[in-house]
Structure formats: structure tokens, C-alpha cells
Q: 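There's a structure below that I have some questions on.
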Amino acid sequence: LRRSARTRPPSSSPSSSVKGEKTKAEKGIKSGKKASKKQKTSSKISVQDENAECDEQQTLDDDDDEKETVKRVPKRPMKDSEEEDAPVAKKVKKTVKKKTAKKKKEDDDDDNSTTTTRKGKKDPVTAVAAKEKPKAKRSAKAADHQRLTERDNLTRLWNPDDHKDSYNFKICSWNVAGLRALLRTPERLPELVNKHNIDVLCLQETKLQESHVDDPKLKIREVLVKEGYESYYSCSTAKKGYSGTAVYVKRRGVKGQKKQPTLDAFFTKNNNNNNNNKKDTTEDEDAPPAEEVPVDVKHLIPVGVSYKMGFESHDNEGRLITVDFPQFSLTNLYVPNSGQKLERLDYRTEKWDKDLLAFMQQHEKTRGVPVMWLGDLNVAHTNLEVWNDGAKHLAKQAGVTQQERDSFQAQLDSGYVDAFRKLHPQAKGWYSYWSQRAGNREPNKGLRLDYFICSPSLFDQSKDVVVRDSYMLHDIIGSDHCPVVLELEIKK
């Protein structure tokens, strides 16, 4: 008995627990009003938390299928009636909103011909149809302007082999957008002149200064010398690295022939339009062996070169070189661009274009032979010269404004002829310029900005010099322009 009494655990009798609770109560009374307030606050918070947890659980249970975001109930303790009605009211309200939104979505989906699952995934078949429908709308907008990107096939208009008594004289024009940059691929120009047997090569936008031409490091003077060409350069003095033109003429080896005029002979400070009288009397020791041609070779040798139009406002930008041959004259041009904001539009249309026309008319009258001007004329004359003619932004784009087109048309109305369009009146997709920034060359989204404008007598079949063909060498790269070619038949 003594052992069991020692090992038996102390009993937790109801009387002892009552005593403990009384002791705690007595301590609570002694702590005063402060303890009573804390107890009431804590009990109130616990009731609120219990109500909130019950409400959240009820809301989650009710809206589990709907997957709606749960909003917490007000923090104030709710009455018994509110606790019973609030979750039901919430559920009804959310269900109504959900059904309204779902119905609206289904109506939209019906309009778009697509079905959407509860998770927001579209049915694969209808999703494809939904993607194709907006494309149809975009193509409808694109139909507001033309899209001429397919290049027509052009056939040769004449075969020089069928004209044994004539010489096929080829003139090539190319805006190189910087000659020094082009010469980083030194074989580019030699391959061009050799492959196509070019007699005169005219370059625009060379961006050379006079110091560049004679710089021994740049070797500009040596360009096409080995290929047998004489070179002529006109550089801008108004602005460095700007504009500029160059002409290369094939030398002809004739016994006793005087050396062809060079830049030193003509490109002087007081150079003017009357350079025809300036000739170099030294013999051409570097002339290549005489080439057998069916015509008098003297018809293929320039008799004069000039670098000015005769208008002081135009002659300081290096935009013009005129080469006079015995039977015709050609002027290599780089016509001023009107600018991104059309700041030079008035200068271009009201001064340059009119002064150029007056110069060409006077030069033709003075020499008494046909003339042509060629190069980058910075205008897309008709809708066939622009891949997207009719697009709204073109009305304010340099080269396509109505003022520039009208000014160019005025030159043609004075009696001159666009050679390419004369020979290929309906040819589509034949452009000479593509924006490199937009990557437009491969899809052939271009403009025709490079021309040969000729006296109408050059199309007279009875004359000694006749225009036979004109085309673009669109496969030759190196610039944002491509070379364009004119073929003349020079008869015996």
C-alpha cells in the first residue's frame, strides 16, 4: 500500500482545476480595468478572425468550380443572419457577373468564328481561321495602292552582230553612293566595264574632295587605268564628302593621236563651259593597242569636257560633267535631292530643273548635234517607276512629289525623250533604286530614279547615231542603285 501510494500520479481532481481558475480570475480582478479591456479586445479579434476564416472557407467551397478570386469580408463582426446570408449573396452576385461575361465572350467568339475553352485555349482549327481573317483585312487596305514587284521579261531590241557596218557604243550610268566605299572591292568596276564592254562609264554621288583625287594613298587616279580608260572628276566645293560626279572614257589607240583631255587640262579654278578649245598637245604614250572598229575611231574620242552649267548657284556642288563627242554630247548629272523634309523642293523644281533645261537647249543649239543628259535624276516620273504608287506617304516623299513629277514632265514636253520608257513603254518592275535600310532590293520594292533623256533626233533611224536599247543591270550590287545602260548604234 505504501509503495502504490508513492508511485500513484497526483490526481487532477475537478476541485483542483476549479481552484486554479478561481486563482486566475482573482489575479485578473486585481490587474484592474486594463486587463479587462485587453481581454475584451483579444476576444473580439478572435471572434472576427473565426468569422473571417469561416467566410473564406465557405466562399472557396462555393466558388471552387468558378475559379474566382476571393475577396475578404469586412473586418467588423457579423450578426448571425448576416453570416448566413452573405456567402449566398456573394455567390449569386459573382455567378451573375460570370454568366454575363461568359455570354459576352461567347458572342464575341461567335463573331470571330472561334471557340474558347474554359481555360482560355482556342480550338486549333478555328484558331487558324481567326489568324487568317485579320490578314484578309490587311490585304484589303494594301489594295489602296499598287504593288508592282514582279519584273517583266525584256528582250534585246537589236542584235549588233546583224549590223556589221556599225559600232555598238555603250554608255553606263551608276550612282555608287561613295566611290571610296565601292573601291574597297577593287574588282567591282573592272568587272563591270569588261563584262559589258562599256565605252563611257558615268558615276554619281562619288563623295570625293579634290584632295582625294590626287591622294597617292587612295589611288583614285589609277581607277580603270589598266582597263584603258581616261578619267574626269567633278567635286563639291560647297560641302565636304558631298555629291560629286565622275566620267571614265575608253581610250582609243591611234597612231599619232593626241592625248585625250585630262582633269588637269579642264578642272581649273576658272573653268567654264567653253573648255572645248582646251586640248593637250602631248601624244598619248599610254594608249592601248588600236581596236578594230567598223567606224572612224575619231567619232569615239571626246573633243571637249566641261564641268559647269554656267549658273553660279549650281556649280559649286560637283553635280555635272559634260563630255562632247563629234556626233553628240552627253551630260552626267546628279540632280539635287529635295530632302527628307522637302526643304530643297522649291530650289530643285523652280531653279535647278529650269536652269538645266535651258543649259541643254543652249548646248544643243551651240554645237548643232543631239544631246542627252543622264544619271540619278532623283524623280520617279510615272506610276510604273514606283512599286507602291498611290501610297499616302509618297505625296510628301522626295522624288515622288507631284511638283517634281510635273517639273520633269515639263522638260519632256520641251521636246526631249525618256529613252527607257520610249523603248519599253509598258515594262513593269524595272527599277534602279531600292532602300537598303528597309531591305527592299530582294523583294524588288524599288523606284526608277536613273534615266537617259535624249534629243528626239537620236531616235531617227536615218541618222548616223541612233538609240537602240536601254536596260538596268539589277544583278550588280555595291550601292543602293544599280547600273543602267544605253546602247547607241554609231553608223559607218
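Computation of the quantities below employed the complete heavy-atom set of this structure, encompassing side-chain atoms and omitting hydrogens, waters and symmetry-equivalent molecules.
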Q: Would you give the length of the straight line joining atom CG of D324 to atom CD1 of I301, rounded to the nearest 0.5 angstrom?
A: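 Nearest 0.5 Å value for the CG-CD1 distance: 14.5 Å.
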Q: Is there a donor-acceptor contact under 3.5 Å linking the side chains of S329 and R367?
A: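 There is such a pair (donor and acceptor under 3.5 Å, judged by atom type) between the side chains of S329 and R367.
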Q: Answer yes or no on whether R147 is positioned over the face of W387, meaning its NZ or CZ is under 6.0 Å from the six-membered ring centre and within 45° of the axis.
A: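 Relative to the ring axis of W387, which defines the angle, R147 lies outside at least one limit.
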Q: Less than 3.5 Å apart, any donor N or O on the side chain of Q204 or N332 sitting next to an acceptor on the other?
A: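 Yes - a donor-acceptor pair under 3.5 Å links their side chains.
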Q: Sort and list the pairs that fulfil ring pair (Phe, Tyr, Trp, His ring centres under 6.0 Å) and have at least one residue in residues 331-350, not counting sequence neighbours.
A: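 Every pair satisfying ring pair (Phe, Tyr, Trp, His ring centres under 6.0 Å) with a residue in residues 331-350: H314-Y347.
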Q: Would you confirm whether R348, through its side chain, and V335, through its main-chain N or O, come within 3.5 Å as a donor-acceptor pair?
A: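 It does not hold such a pair.
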Q: Is R468 salt-bridged to E489, cutoff N-O under 4.0 Å?
A: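 Salt bridge flag = yes for E489 with R468.
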Q: Salt bridge check, D214 against R221: does any charged N sit closer than 4.0 Å to a carboxylate O?
A: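 Yes, this pair counts.
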Q: Any donor-acceptor pair under 3.5 Å linking the side-chain atoms of D376 with those of N175?
A: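 Short answer, yes.
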Q: Does the pair L447 and W434 meet the rule for a side chain to side chain contact (heavy atoms under 4.5 Å, CB included), with working shown?
A: CA-CA 7 Å; L447 296 88; W434 303 265; over 6 Å; no
Q: Can you name the ring-ring contact (aromatic ring centres under 6.0 Å, His included) partners of H196, sequence neighbours left out?
A: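 H196 satisfies ring-ring contact (aromatic ring centres under 6.0 Å, His included) with no residue once adjacent residues are dropped.
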Q: Regarding K239 and E317, does a basic nitrogen lie under 4.0 Å from an acidic carboxylate oxygen?
A: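 Salt bridge absent between K239 and E317.
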Q: If I take atom CD1 from residue I476 and atom CG from residue L473, how far apart are they, to the nearest 0.5 angstrom?
A: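 It comes to 4.5 Å.
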Q: Output the distance between atom CD1 (I198) and atom CG (L189), rounded to the nearest 0.5 Å.
A: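 Here the rounded value is 11.0 Å.
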Q: Does Y451 have its ring centroid less than 6.0 Å away from the ring centroid of F408?
A: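 Centroid distance Y451-F408: below 6.0 Å, so yes.
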Q: Go through it in stages, so that I can follow the logic: the residues are E487 and S470, the test is side chain to side chain donor-acceptor pair (under 3.5 Å), and I'd like the CA-CA distance, side-chain angles, deciding distance and then a yes or no.
A: CA-CA 6 Å; E487 294 187 7; S470 183; over 6 Å; no
Q: Answer yes or no: is there a donor N or O on one side and an acceptor on the other, between the side chain of R188 and the main chain of G478, under 3.5 Å?
A: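 Judged by distance alone, no pair lies under 3.5 Å.
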Q: Tell me, with the steps shown, if E227 and N194 meet side chain to side chain donor-acceptor pair (under 3.5 Å).
A: CA-CA 8 Å; E227 287 70 29; N194 291 330; 4.7 Å; no
Q: Will you find, in the side chains of S455 and E364, an N or O donor that is under 3.5 Å from an N or O acceptor?
A: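 Side-chain D/A pair, S455 to E364: present.
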Q: Evaluate the side chain to side chain contact (heavy atoms under 4.5 Å, CB included) criterion for residues T206 and Y233: first the C-alpha distance (whole Å), next the side-chain angles of each, then the deciding distance (0.1 Å), finally the verdict.
A: CA-CA 9 Å; T206 58; Y233 298 90; 5.6 Å; no
Q: Within this structure, what is the CG-NE2 distance for the pair L449 and H381, rounded to the nearest 0.5 Å?
A: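 These two atoms lie 13.0 Å from each other.
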Q: Scan for salt bridge (charged side-chain N to carboxylate O under 4.0 Å, His left out) pairs involving residues 412-428, sequence neighbours excluded, and state none if there are none.
A: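 Those involving residues 412-428 are E385-R421, D418-R448.
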Q: Could you tell me whether the side chain of D355 and the main chain of F311 form a donor-acceptor pair under 3.5 Å?
A: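 Judged by distance alone, no pair lies under 3.5 Å.
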Q: Could you check whether E205 pairs with R319 (Lys NZ or Arg NE/NH1/NH2 to Asp/Glu carboxylate O, under 4.0 Å)?
A: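 So E205 does not pair with R319 through a salt bridge.
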Q: Surrounding CD of E343 (heavy atoms of other residues, nucleotides or ligands, distance under 6.0 Å), is the total greater than 12?
A: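 Counting neighbours around CD of E343, more than 12 heavy atoms of other residues, nucleotides or ligands fall under 6.0 Å, so yes.
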Q: Got a second to check how far D480's CG is from N440's CG, nearest 0.5 Å?
A: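 The CG atom of D480 sits 11.0 Å away from the CG atom of N440.
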Q: Under 4.0 Å between a Lys/Arg side-chain N and an Asp/Glu carboxylate O for R156 and D161?
A: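 Answer for the salt bridge query: no.
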Q: I want to check something: taking the side chain as every heavy atom from C-beta on, are L412 and I453 in contact at a cut-off of under 4.5 Å?
A: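 Yes; the side chains approach each other to less than 4.5 Å.
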Q: Are any of the side-chain heavy atoms of L486 and V467 separated by less than 4.5 Å?
A: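 A side-chain contact under 4.5 Å exists here.
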Q: Crowded around E312 CD? As in, over 12 foreign heavy atoms under 6.0 Å?
A: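 Check fails, neighbour count at 12 or below.
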Q: H424 and W430: aromatic ring centres closer than 6.0 Å?
A: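 For H424 and W430, the ring centres are not under 6.0 Å apart.
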Q: Has the side chain of S173 got a donor or acceptor atom that lies under 3.5 Å from a matching backbone atom of L203?
A: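 A pair under 3.5 Å: no.
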Q: What about W373 and F452, are their ring centers closer than 6.0 Å?
A: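 No, the ring of W373 stays outside the 6.0 Å limit from the ring of F452, centre to centre.
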Q: Give the intermediate values and the outcome of side chain to side chain contact (heavy atoms under 4.5 Å, CB included) for residues D215 and I220.
A: CA-CA 7 Å; D215 191 333; I220 300 296; over 6 Å; no
Q: Quick one: are the ring centres of F325 and F169 less than 6.0 Å apart?
A: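 Ring-ring flag for F325/F169: true, centres closer than 6.0 Å.
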Q: Check this for me: R184, atom CZ, are more than 12 non-hydrogen atoms of other residues, nucleotides or ligands nearer than 6.0 Å?
A: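 At most 12 heavy atoms, drawn from other residues, nucleotides or ligands, come within 6.0 Å of this atom.
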Q: Going from CD on Q402 to OG on S407, what distance comes out if it is rounded to the nearest 0.5 angstrom?
A: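 Those atoms lie 11.5 Å apart.
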Q: Quick check: do E150 and N444 have side-chain heavy atoms less than 4.5 Å from each other?
A: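 No, too far: nothing below the 4.5 Å cut-off.
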Q: Is any side-chain N of the basic residue among D199 and R252 closer than 4.0 Å to the acidic one's carboxylate O?
A: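 A salt bridge is present here (some side-chain N lies under 4.0 Å from a carboxylate O).
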